[in-house]
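Data block below; observations after.
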Amino acid sequence: MSDIFKNLNPKQVEAVKIINGPVLVISGPGSGKTRCLTHRVAYLISSGIDPNDILAVTFTNKAADEIKERIQQLLKIENYKLKIQSASPTIGTFHSICLRILRREAPLLGYKSSFTVFDEDDRLSLIKKVMARLEVDAKRYNPQIFVRRISKLKTELIYPENYKPNDFFTRLLAKIYAAYQQDLRTANALDFDDLIALTVRIFKNHPEVLDHYQDRWKYVLIDEYQDTSFDQYSLTKLLSQKYKNIFAIGDDAQSIYAFREADIRNILNFQKDYPETKVIFLEQNYRSTKNILAAAQNIISNNQNQVPKTLWTDNEKGEEIFIKEALNERAEAGFIAEKISEFAGRGYDFNDFAVLYRTHAQSRAIEEFFIIHSLPYQIVGGIKFYERKEIKDILAYIKVLVNPSDMVSFERIYNIPARGLGKTVFEKILNSGEKDLIEAVGTLADKDEKSKQGQSLRKFYKTLRGLKKQINAGIASLIQNIIKTTGYEEYLKGLSASKNDAYANFEERMENLKELLTVAKKYDNIEGGGGVENFLAEIALMQNTDTLKTGVKSQNGANKKVTLMTIHSSKGLEFPVVFIAGMEEGLFPHSRSVLDPQELEEERRLCYVAVTRAKEKLILSYAQRRNIFGSTQMNLPSRFIGEIPQNTIKYAATGIDDDYEEKIYY
DNA sequence: CTGTCGTTTATTTTT
DNA sequence: TAAACGACAG
């Protein structure tokens with residue numbers, strides 16, 4: 001029993017031990033948030049609570065996996081006498097948990113349980129289609145605007161039937177929204193926002209269903225509560241309404257996703273929602289030096305909208321925060337590269353370094369200088385595995401086989417590989433009135449047996465029918481069959497042969513398909529894996545290969561790399577040495593945010609997140625001039641620099657060794 | 001279908 | 001500046 005508390009400080013113990021009633025844990029950066037959460041779950045189980053009664057919700061798959069793993073380890077150590085062998089708590093992302101609920105309950109809303117999940121791409125394609133149909137000029141109105149607005153409405157739980165437009169644009173939006181939602185229905189598909197919002201709708205409209213899930217999960221834990229949006233907030237509130245055993249953990253100061261509808265008020269108002277709440281502050285920081293922590297603290301203290309708290313640490317004072325003024329972004333990049341080379345010789349590995357920036361565009365200059373200095377690096381946030389064409393193509397085939405009403409996926413594949421079918425035929429198939437698009441192909445083929453096109457249709461029909469039969473024969477073999485019977489490999493060969501497609505070479509694409517096969521095989525091997533539908537859905541809810549490859553990452557130092565990424569993607573991570581580049585007014589805080597006090601506060605939180613990633617060394621830099629969209633801008637140093645206490649700062653010498661441009665071009 | 005040309009637009013993105 | 005997209009010609 002005692003092992004659960006062994007590595008916890010008194011505050012953490014307190015948070016872990018309160019079993020009943022609402023608990024809010026405000027957990028500062030580096031204060032052991034995940035530890036607190038996982039130990040709490042372990043403690044609940046050790047106190048005799050049925051693991052089945054526990055639900056833990058996270059935002060990312062990565063977080064869910066980490067929590068699962070750590071709980072398992074804890075329970076192994078504790079070696080409980082309990083039934084934990086057979087039962088385990090439910091741990092997953094908001095989306096995956098709602099997916100599971102909807103697989104059972106979607107018929108209540110008139111969707112088939114086998115519904116497809118549309119990802120970001122599918123959703124955009126569908127919006128474009130809708131706009132074309134309604135003759136909305138895509139030049140005048142960027143389709144993305146509608147995607148965003150609709151997404152926003154859904155997180156506010158507003159659907160077309162209760163949306164009240166009030167001017168020309170919103171009337172247009174309402175029209176598109178209604179058509180889009182209708183099309184989703186026709187396709188028997190849900191988008192990401194639907195997963196949450198429709199679950200909430202079911203809970204609201206069907207009290208008996210809500211009651212069932214309230215009893216199913218009597219203990220609800222939510223990670224990163226500051227990042228919840230209104231729909232997610234509503235969901236957790238409904239779920240925990242009956243037993244009120246809600247445990248929310250997070251840090252208002254690290255709320256940086258307002259632009260994705262995260263609403264900081266959810267955490268700020270938690271006590272209003274649950275008057276019985278016990279609030280616990282985790283303020284001891286185990287990560288950073290005193291200097292770094294002081295800097296972070298001073299920066300964030302300039303925000304009005306926050307829960308007051310005082311972080312402290314037993315760590316040593318550490319070095320001063322290093323600030324470098326560079327002539328331009330190239331000089332800045334050169335400085336960072338040289339510093340890393342210098343430190344790397346003194347006991348640091350390359351993966352001890354992170355270079356953080358506000359915008360992706362900043363990575364280019366840095367990258368260039370890393371190459372010049374032969375520094376190994378990786379950029380986080382590049383092309384996502386599942387967004388690659390070859391992966392999307394094959395998945396689209398599977399989607400059509402599973403859900404022949406999915407016109408978005410069908411549109412993707414009807415002429416890939418090229419089989420002489422054009423847009424006109426596609427429209428015909430779509431407007432045939434047949435719900436099953438595969439059958440529509442067959443019917444159309446029957447109509448004209450003779451023509452070249454008719455024969456092509458017949459062949460396509462046969463291919464799809466043949467594949468459909470193998471749908472339950474294992475996902476891996478299904479994929480192999482798709483590649484074989486459609487001639488996809490030859491198609492890829494042809495693609496890479498056309499000179500324009502330089503970077504997407506054949507071998508690389510085949511490698512990616514192999515990777516997909518590996519995932520599929522893994523999935524096939526899970527007993528009761530839930531079949532193709534769930535394979536597709538889970539993939540839709542998963543972004544990077546990294547998520548899949550955890551554990552494969554080499555630990556042996558063979559390929560240690562400096563990490564380059566946006567501050568947003570650095571949340572939750574830590575590094576011994578952190579560089580924050582582009583500390584300039586207009587860039588950070590971003591010019592789009594400086595006018596609105598709310599947005600400025602979010603930028604400040606972003607800065608707080610960035611600074612608190614650092615364990616030992618923190619190096620900030622800014623450029624006097626920066627090339628931005630072709631023209632040179634002169635920016636003042638970021639106001640955030642001025643919010644750091646002077647006695648923790650050391651300014652680097654400027655001027656003398658700044659001529660990096662000369663160094664390259666002489 | 002493919003390539004070219006002009007136009008547009010450039011913050012962050014857990015699902 | 002440059003890259004991404006869409007229109008349109010071949």
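Each chain gets a letter, A, B and so on, in the order its sequence line appears, and its residues count up from 1.
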Exercise. Excluding sequence neighbours, so at least two apart, what forms side-chain hydrogen bond (donor to acceptor under 3.5 Å, both in side chains) with A:Y225?
Worked result: none
Exercise. At under 4.0 Å, does any side-chain N or O of A:H360 touch on OP1 or OP2 of B:dA10?
Worked result: no
Exercise. Using a cut-off of 4.0 Å on non-hydrogen atoms, how would the nucleic acid contact of A:D193 be classed: base, sugar-phosphate, or nothing?
Worked result: nothing
Exercise. For A:Y257, which contact category applies under a 4.0 Å heavy-atom criterion: base, sugar-phosphate, or nothing?
Worked result: base
Seminar exercise, completed: Atom NZ of A:K423 and atom C1' of C:dA7 are separated, to the nearest Å, by 11 Å
Problem set entry | Nearest-angstrom distance from the residue atom CG of A:D137 to P of B:dT8 | 11 Å
Exercise. Does the side chain of A:T566 get closer than 4.0 angstrom to OP1 or OP2 of B:dT13 through an N or O atom?
Worked result: yes
For this session: Measure the distance between the ring centre of A:F259 and the centre of the six-membered base ring of B:dT12, then answer whether it is under 5.5 Å with planes under 30°.
Result: yes
Exercise. Per the atom types in the model, does the base of B:dT13 pair as donor or acceptor with the side chain of A:R260 at under 3.5 Å?
Worked result: yes
Seminar exercise, completed: Rounded to whole Å, the NZ-P distance (A:K139 to C:dC8) equals 7 Å
For this session: Starting at atom CD of A:Q144, determine the distance to atom P of B:dT11, rounded to an integer number of angstrom.
Result: 13 Å
Exercise. DNA chain B: A:E599 or A:R419, which has the more 5' nearest nucleotide?
Worked result: A:R419
Exercise. Between B:dT12 and A:R358, is there an OP1 or OP2 to side-chain N/O distance shorter than 4.0 Å?
Worked result: no
Exercise. Just checking A:E602: base, sugar-phosphate only, or nothing, at a heavy-atom cut-off of under 4.0 Å?
Worked result: nothing
Exercise. Given atom NE2 of A:H590 and atom P of B:dT13, what is their separation to the nearest angstrom?
Worked result: 12 Å
For this session: Respond yes when some side-chain nitrogen or oxygen of A:R364 is under 4.0 Å from OP1 or OP2 of C:dT1, and no when none is.
Result: no
Exercise. How long is the line joining CE of A:M565 and P of B:dT13, in whole Å?
Worked result: 11 Å
Exercise. Would you say A:F629 stacks on C:dA2, if stacking means ring centres under 5.5 Å apart and planes within less than 30 degrees?
Worked result: no
For this session: Please report the shortest heavy-atom distance between A:Q254 and A:D227, naming the atom on each side.
Result: O-OD1, 4.3 Å
Problem set entry | Under-4.0 Å salt bridge between A:E329 and A:R625 | no
Problem set entry | Comparing A:S569 and A:N142 on DNA chain B - which has the more 5′ nearest nucleotide | A:N142
For this session: Using side-chain hydrogen bond (donor to acceptor under 3.5 Å, both in side chains) as the criterion, list what pairs up with A:R260, not counting sequence neighbours.
Result: none
Exercise. Roughly how far apart, to the nearest Å, are C:dA4 and B:dT11 at atom P?
Worked result: 15 Å
For this session: Please state the P separation for the pair C:dA3 and B:dT12 - nearest whole angstrom.
Result: 15 Å
For this session: Give the rounded distance in Å between these two atoms: NZ of A:K571 and P of B:dT11.
Result: 21 Å
Exercise. Any side-chain N or O of A:K128 less than 4.0 Å from the OP1 or OP2 oxygen of C:dC5?
Worked result: no
Problem set entry | N/O (side chain, A:N627) to phosphate O (OP1/OP2, C:dT1) under 4.0 Å | no
Exercise. Do A:T228 and A:F94 come within less than 4.5 Å of each other through their side chains, counting heavy atoms only?
Worked result: yes
For this session: Answer yes or no for A:R201 and A:Y159: cation-pi contact, defined as NZ/CZ to six-membered ring centre under 6.0 Å and angle to ring axis within 45°.
Result: yes
Exercise. Rounding to a whole Å, what distance do you find between A:E261:CD and B:dT15:P?
Worked result: 17 Å
